[in-house]
Amino acid sequence: DTEVTQTPKHLVMGMTNKKSLKCEQHMGHRAMYWYKQKAKKPPELMFVYSYEKLSINESVPSRFSPECPNSSLLNLHLHALQPEDSALYLCASSHQQGPYNEQFFGPGTRLTVL
Amino acid sequence: QKEVEQNSGPLSVPEGAIASLNCTYSDRGSQSFFWYRQYSGKSPELIMSIYSNGDKEDGRFTAQLNKASQYVSLLIRDSQPSDSATYLCAVPPNQAGTALIFGKGTTLSVSS
């Protein structure tokens, strides 16, 4: 089973709202990732968690706040977003951090900021 | 700046033909290489990974790696209309790398 689930599938929010994206995997993977993908562009890494600790933050604005409550769950808290933050937000997981570990993506959350 | 280059296409092939997708990378230290397929509006799906020089076959897909030339390719035999998608080449930048560096993707169109 190589399934990563994400909720919600779609999210529309205003610039003053606070919302959260959720990601879950039950493959026993210990590395989890958030990527952002704009239309006709490749995914861009935002954050990496390894063994529930934040490992990489790719200079993402503080209006995006990640959280890893346990080894299966990953959240992305959103606050005071801008319209340019509208994108497909992808969660991925891999067995561990490192170049030989295949990353599996969830279906994504399509975010629209009004 | 670590880079992964792909021809953005579109690459158009008739049904039943072989589609050849190419990718070059700049970091000689890269050790692993992944191909993802992404349908329009969907998330990337891992279809092939390759770590050693040579060919790796999985069904209709063959990945080819040449580390000396810093070149990795994906061949799709007997192309089907359902193969029409964007194919992303992804490379961790070095031996310690975690983040996938993606090429811009090649859009493949298979006509029936």
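In what follows, chains are A, B, ... by sequence order, proteins preceding strands, each numbered from 1. Predicted model, so just to flag it, every value in this text is computed and none were measured. Scope of the values below: all heavy atoms of this structure, side chains included, with no hydrogens, waters or symmetry mates.
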Requested in this report: Measure the shortest side-chain to side-chain distance between P43(A) and P44(B) over non-hydrogen atoms and say whether it is less than 4.5 angstrom.
Outcome: yes
Requested in this report: Only counting residues at least two apart or in another chain, list the ones meeting side-chain contact (heavy atoms from CB on, under 4.5 Å) with R77(B).
Outcome: I18(B), E57(B), T62(B)
Query raised in the report: Which value, rounded to the nearest 0.5 Å, describes the distance between F102(B) atom CZ and E44(A) atom CD?
Result: 10.5 Å
Report task. Output the distance between atom OG (S94(A)) and atom CG (L46(B)), rounded to the nearest 0.5 Å. Result -> 11.0 Å
Is there a continuous path of hydrophobic side-chain contacts, each under 4.5 Å between heavy atoms, that joins [X] to [Y]?
X: I76(B); Y: V72(B); answer: yes
X: Y51(A); Y: Y100(A); answer: no
X: F61(B); Y: L108(B); answer: yes
X: Y71(B); Y: L21(B); answer: no
X: L21(A); Y: Y33(A); answer: no

Can you tell me if [atom1] on [X] sees more than 12 non-hydrogen neighbours from other groups inside 6.0 Å?
X: K67(B); atom1: NZ; value: yes
X: K22(A); atom1: NZ; value: no
X: K41(A); atom1: NZ; value: no

Query raised in the report: Is it the side chain or the backbone of Q38(B) that comes within 4.5 Å of chain A heavy atoms, both, or neither?
Result: side chain
Report task. Find the one option among G106(A), P42(A), A92(A) whose heavy-atom pairs under 4.5 Å with chain B are most numerous. Result -> P42(A)
Report summary line: In short, P107(A) meets S43(B) closest at the heavy-atom pair CA-OG, 3.6 Å
Query raised in the report: Does any heavy atom of chain B fall under 4.5 Å from the side chain of Q37(A), the backbone, both, or neither of them?
Result: side chain
**Report entry** Residues in residues 66-90 of chain A that sit under 4.5 Å from chain B, counting heavy atoms only
**Finding:** L88(A), L90(A)
Requested in this report: Find the one option among S40(B), S8(B), S49(B) whose heavy-atom pairs under 4.5 Å with chain A are most numerous.
Outcome: S49(B)
Query - Member of F104(A), F105(A), Y35(A) meeting the ring pair (Phe, Tyr, Trp, His ring centres under 6.0 Å) criterion with Y36(B) - result: F105(A)
